[in-house]
Amino acid sequence: MTRTRHATTTPFTEADVLLIGDTPADVAAGRAAGVRVLGVATGRTTTAELDKAGATAVIAGLEDLRPLHALLR
């Protein structure tokens, strides 16, 4: 988050950030940064694995974007 804050002139908080990832490592990185994480099971990782890793929300793919819209509100 520090590098991102230095790269922009727009102030933001962790609540303004949504990390989208498809591995447990992506989820762990987002959680360590204190941001919300949308797990997308489009790779080798299942929705159950992303959920177990601690994703804020999990979807099977990007066909149904309602969960993403809900997180952005």
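Counting begins at 1 with the first residue of the sequence. Because the structure is a prediction, the values reported are computed rather than measured.
- Hydrophobic clustering keeps V35 apart from L38 (ILVMFWY residues linked when any side-chain heavy atoms are closer than 4.5 Å, directly or through intermediates).
- At a threshold of 4.5 Å between side-chain heavy atoms, the hydrophobic network of Ile, Leu, Val, Met, Phe, Trp and Tyr places V40 and L19 in two separate groups.
- Scanning all heavy atoms of the two residues, the minimum distance from A57 to L71 falls at CB-CD1, 3.8 Å.
- When side chains are defined from C-beta on, D22 counts as touching D26, because their heavy atoms get closer than 4.5 Å.
- Counting all heavy atoms, side chain and backbone alike, L65 lies closest to L62 at CD2-O, 3.3 Å.
- Contact of the T47 side chain with the V58 side chain is registered, since non-hydrogen atoms from C-beta on lie closer than 4.5 Å.
- Residues passing the side-chain hydrogen bond (donor to acceptor under 3.5 Å, both in side chains) test with T46 are E49, sequence neighbours excluded.
- The minimum heavy-atom distance linking I20 with L68 is given by the pair CD1-CD1, 4.3 Å.
- The two residues G39 and A55 make their nearest non-hydrogen contact at N-CB, 4.0 Å.
- Within the structure, every pair that satisfies the side-chain hydrogen bond (donor to acceptor under 3.5 Å, both in side chains) test and touches residues 53-65, not counting sequence neighbours, is listed here: R31-T56, D64-R66.
- Linking Ile, Leu, Val, Met, Phe, Trp and Tyr residues whenever their side-chain heavy atoms come within less than 4.5 Å places L72 and I59 in a single cluster.
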